[in-house]
Amino acid sequence: MDYFLTEEQKMVRELARRIAEEKVAPVAAELDEKEEFPWEIMKELAQADLFAVFLPEEYGGLGGKTFELCLVTEELSRICSGVAVSYAASALGSFPILLFGNETQRKEFLPKIASGEKLAAFGLTEANAGSDAAGIETTAVRKGDKYVINGTKQWITNGGEAEIYTVIAMTDKKRGNRGASAIIVEKGTPGFDFGKKEKKMGIRASATRELVFQDCEVPAENLLGKEGMGFIIAMRTFDASRPGIGAQAVGIAQGALDAAVDYARERVQFGQKISSFQAIQHMLADMATHVEAARALVYATARMIDSGAKDAAKESAMSKLFASDMCMRVTVDAVQIFGGYGYMKDYPVEKMMRDAKITQIYEGTNQIQRNIIALHLIKEAASKK
Amino acid sequence: MGIKVITEKCTGCELCIKSCPYGAIEVVEKIAVIGDNCNLCGACVEACPKGAILITREKSQRKIPEGYSGVWVFAEQWDGEVAPVVYELLGEGKKLADKLGAELSAVLLGETIEQSAHELISHGADTVYLVEGPALKDFNDDPYTQVLAELILEYKPEIVLCGATSVGRSFMPKVATRLKTGLTADCTGLEIEEKRKLLLQTRPAFGGNIMATIICPENRPQMATVRHKVMAQAKRDETHRGKIIRKNFDGKLTSRTKILKEVQEREETANLAEADIIVSGGRGLGEAKKFGLIREFARELGAAVGASRATVDAGWIPYSHQVGQTGKTVKPKIYIACGISGAIQHLIGMQSSDIIVAINKDPDAPIFKVATYGIVGDLFEVIPEFISRIQKGHL
Amino acid sequence: MNIIVCIKQVPETAEIRIDEKTNTLVREGVPAIINPFDTYALEEGIRIREKCGGGVTVLTMGPPQAEQALREAIAMGVDSGVLLSDKAFAGSDTLATSYALSRAIRQMGRFDLVICGKQAIDGDTAQVGPGIAEMLGIPFIAYVRKIEEIREGYIRAERLMETGYQIIEMSLPSLITVVKEINEPRLPSLRGMLKAKKTNISVWDVEKLGGDTGRFGLDGSPTQVIRIFTPEPRKGGEILQGAVEEQVAALIERLKETKLV
């Protein structure tokens, strides 16, 4: 389908595709097997200016926004979504600074993210606070011109590899949601350490670690916005990044669909290519239709956000929900078309099926997404009266 | 000068379009039209069944230079030892010289290498031009270019042949450029055209997908570098007599490049280009250490070890082992491809081997399309079985 | 350091197929690319500039469409491009090509190093690099796999040979041809692609080059292609059947019969 990309957007897509096919594809299976962080590829992406596409020009970016982020994430995900999420997590980590940072903070951190010199990450989740942000137990206590942070963040993508972290911590526990604040913490700050690397079902090239804070002192000027804005900052950040998860899901599914079509045209059973069987044809047709529908929704949402829409929470949730559920179904079907071969590591579809699952879970489970959508529906209806 | 379509003869059959390697032809209203991409290569002229395409040159004012006669072979040597390709060139050169009723000569440059000159005579050279001196001990572009160019100007051979080795392909273009004559690279076939007594030089192009026959009608000498292992070696005949003409370049040679050091660098003992048997490993090996099986197999057969590009790119084995378009072109008697699917770039480098054996678990692998003998199976079963039979003396 | 990289736009031979019915080349739909060996030359030129400063100019001869190859080189990081394009250049063999490129290089003023790929994948001649060096009267090293040192007026490099390598030094200005071992060419960057879109490519015709008009194109080419044909494709042979032991035994029998082992 023609999405009427601009010349620049076509360039972004073409370059991301080349890197995915030429640099990522040869090592994707090995990165997955060895659970190795793809530093070489991160350097390639940086050298190609792809970390600059989602940031404004005044901060060293190329002036693109969420849509460009989606294009790159999708292309990388077609080949390896572990690589894609390592890339996209740096964008996620940059959003709180871009959206809520003051000029000093933006000038200090964003150019380093845009050049790819440093990776970023976002730290919200804890053992007892995932979708329920109010359960956060990490604290940041103001002491003179410093905040002292204590607590542990869990399952942080790019944890240990990134240099720039935005961490949500409680500055006033009594106020619940309204007592959370967002603070920038740099790797190497005394009292800031990392837990062991998690072993995962999928996206195994990406690094997932705990962030451990023990009397970690950071300058008070690292506070983003004002005290108490942490929850808002987290929600706005996710609103901007969720289409990225949608794009990741679309990319994985497209990769699985492409592999399934190729395989169906090669594999012979009962003396015929299996692509001549209607059972296979219908599966492929459904997969292709669902991928395209999800892509259309993701792109439309990204464009809505980029055009400055005030509240895209509902659409953002819809695109993440729809694309990730679609991705799970399509990858399962791709494995089915491959039959026994699809279950083996010799072919890429089993990895895609493992990689797909996380898209239904992270950045708000799909159950939470439905809550968000429903809440907005009801609010909208109520406000009409 | 130019290319022209004779519209009355053109039927719009489009065969020329298919033949054009540059995509320069289209058919408009049933007539072929040749566009700017045309490189005047002549493929369409050959392809046109109606003779409707013509390449015309301005009537040449040049006369064929006179007084050129004889076939020369440049005798590349390393540490005083003549490179094997030279004997192949003497064998082929003899045939050309006989057809022309001319002499066969060799040019030998080195430090103290007279012994090798006799060897060249035993292999058919009627004359050996011998130039000795410390500046010529090892190959060096400048003095080699200077000596060969001056000898050619003095003695005027009609044809000069050289092996298409690193040496030949490095300095022969400089010699030809200095003499403002034509040079055809990497020939696989040489013949003499009956009518004009021209050298017909045939060579592969487009990665071996097409062959081109090239002539050098108005300039002399006609020069070619020739691929190793394509022509038959001259038979050694100690009774053959020839003369040695010594030339002295002492004090006349200069060089702007200085060779500081030479390093031999080969993992296995057998040189790929020289080997009679090559065992090559591909991606089907799965990982670097499995190349050990290929090495063991090669050792048992007394073969050299080759590799596909994929394995070299993956760092499993050094580049010097790579066979194919971006690696070496080989022509062993037996080429055994193990776990190599047979991408066109690989086939280009080995498909002129006498016998090709393919071992691959994918029956649809393209390698089987060129294999003399194919075994569809797991190389980790087939090769150990083969090795054990060799060890039992079955081969 | 002023560097000139010579490149060629070629059809991607990996994509070329032979029509099995007519035994002719199928050229339709084959993309035009920068000759792969030339991408190593471009990368090396950019690396030298990154280390020593200066500029890299990319030079090619070809039809107007070859401009695309120059833009791709600029997207990789080359500073500027020159295209030699004129009907008078058509039909150039390696001698006439070397002549045209060397005339163009003379027009460019002071330079330190010319870099070419080892050979082009369409012609595979490897003759234009040394030809240019000879016409410019500058020293030359073929098959460079590593530059050990380069500074004002001096270069030391490793030349790849069949059985190893040689370490060679020479003065600048000079010319080298490079092999794939020398580096890993970078992909373009987005900023490079944006720049490539905007950059003006100089197009030079035969008049601009001056020199002896009889030495360009078909007239300046001593060699002529008189015939192009497709080699008989090698035919597949026998697939050996049976269990592994039987297959291997059959193969050994066949190999023995050939008396090659």
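Each chain gets a letter, A, B and so on, in the order its sequence line appears, and its residues count up from 1.
In this structure, the portion of C:Tyr143 lying under 4.5 Å from any heavy atom of chain B is its side chain and not its backbone. Contacts between C:Ala66 and chain B at a heavy-atom distance below 4.5 Å are absent for every atom of the residue. In this structure, chain B has heavy atoms under 4.5 Å from both the backbone and the side chain of C:Ile226. With a 4.5 angstrom heavy-atom cutoff, C:Ser92 touches chain B only via backbone atoms. For C:Thr125, the parts lying near chain B are the backbone and the side chain together; criterion is any non-hydrogen pair under 4.5 Å. Of the atoms belonging to C:Glu158, not a single heavy atom falls under 4.5 Å from chain B. The contact between B:Val357 and chain C is made entirely by side chain atoms (from C-beta outward), counting heavy-atom distances below 4.5 Å. Heavy-atom distances place no part of C:Pro36 under 4.5 Å from chain B, backbone and side chain included. Proximity to chain B is limited to the side chain of C:Gln65, based on heavy atoms less than 4.5 angstrom apart.
The environment of B:Asp79 atom CG is sparse: at most 12 non-hydrogen atoms of other residues, nucleotides or ligands sit within 6.0 angstrom.
No side-chain donor from either of B:Arg309 and B:Gln322 sits under 3.5 Å from a side-chain acceptor of the other. When only modelled atom types and interatomic distance are considered, B:Thr257 and B:Asn140 share a side-chain donor-acceptor pair under 3.5 Å. Inspection of the B:Thr177 and C:Glu134 side chains reveals no N or O donor paired with an N or O acceptor under 3.5 Å.
Comparing B:Thr165, B:Thr372, B:Ile383, B:Asp276 by heavy-atom pairs within less than 4.5 Å of chain C, the highest count is held by B:Thr372. In terms of non-hydrogen atom pairs under 4.5 Å with chain C, the most contact-rich of B:Glu381, B:Lys328, B:Gln351, B:Arg203 is B:Arg203. Here B:Leu183 is the residue among B:Thr181, B:Asp141, B:Leu183 with the most heavy-atom pairs under 4.5 Å with chain C. Looking only at heavy-atom pairs under 4.5 Å with chain C, the residue among B:Trp78, B:Tyr319, B:Phe139 that has the most is B:Tyr319.
Using a 4.5 Å cut-off on side-chain heavy atoms (C-beta onward), C:Ile147 and C:Ile176 make contact.
The side-chain contact (heavy atoms from CB on, under 4.5 Å) test with B:Val382 singles out one residue from B:Ile387, B:Asn360, B:Ile375, B:Val376, and that residue is B:Ile375.
Here the CD1-CG distance, from B:Ile336 to B:Leu379, works out to 12.0 Å after rounding to the nearest 0.5 Å.
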